[in-house]
Student: 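Take this structure first; my questions come after.
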Amino acid sequence: MDFEPITRPLTDDEAKAEAERIIARSCQPEMPPVLHIPTSFRDDTPLPAYGDTPPVHQDDKRIVPAWAAGIAVASIGVGAGITGVGCGAWLVLQGLASVTLYGVLMVTLPFAGIAMVATAIGGACSKARRSVSKTVYEGPVVQNTQINNTSNQRGMFSRTRNDVR
């Protein structure tokens with residue numbers, strides 16, 4: 001390659017040849033293309049029907065542990081139970097969705113009546129009991145209060161114990 005600077009202007013043919021050379025060089029791949037080589041091999045030759053070694057019996061020893069069977073049964077039971085709870089909740093919510101104010105008042109009216117009668121009876125009994133006897137306690141009153149403060153403070157932790165008797 002000639003890297004010497006050109007001091008004269010290029011002719012049209014030289015400029016065209018130089019442009020084609022630059023374009024061809026820039027479009028060439030840097031590395032040669034990768035050849036695709038197979039990474040596996042399949043042997044399609046038929047296997048012999050019999051050979052020197054007789055077949056060996058292989059026992060099936062797949063035993064499910066008791067804990068795995070228990071977990072499986074428990075998960076089925078939990079799934080069925082949750083499905084039942086979900087269906088029950090759906091039914092209750094469907095019933096609550098159709099509740100009206102008049103329906104609620106009709107359902108709670110007997111309970112409100114019973115509560116009103118019980119309150120009236122309780123008030124009458126309380127008034128009757130107060131009017132029959134008035135107990136007045138007279139005498140000296142002794143009040144004794146003893147406070148023991150125990151404090152153990154060591155380092156970062158402390159403990160204060162107040163005993164009020």
Student: Counting only N and O atoms by type, is there a donor-acceptor contact under 3.5 Å from the side chain of Thr83 to the main-chain atoms of Gly79?
Tutor: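 Such a contact is found between Thr83 side chain and Gly79 backbone.
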Student: If you measure from CZ on Arg25 to CD1 on Ile22, what distance do you get to the nearest 0.5 Å?
Tutor: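 It comes to 9.0 Å.
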Student: Look up atom CD1 in Ile82 and atom SG in Cys87, then write down how far apart they are to the nearest 0.5 Å.
Tutor: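 One finds 11.5 Å between CD1 of Ile82 and SG of Cys87.
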Student: Can you tell me how far the CD atom of Glu18 sits from the CG atom of Asp13, to the nearest 0.5 Å?
Tutor: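 Taking CD in Glu18 and CG in Asp13, the distance rounds to 13.5 Å.
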Student: Roughly how far apart are Leu109 CG and Ile114 CD1, rounded to 0.5 Å?
Tutor: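 The distance works out to 10.0 Å.
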Student: Tell me the closest heavy-atom pair linking Val107 and Pro110, and the distance in Å.
Tutor: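 Looking at all heavy atoms of both residues, the closest pair is O-CD, 3.4 Å.
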Student: Under 4.5 Å side-chain heavy-atom separation, chaining through any Ile, Leu, Val, Met, Phe, Trp or Tyr, what else clusters with Phe41? Say none if it is isolated.
Tutor: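 In the cluster with Phe41 there is nothing else; it is isolated.
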Student: Determine the minimum heavy-atom distance between Ala72 and Ser75, stating which atoms define it.
Tutor: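 The answer is O-OG, 2.7 Å.
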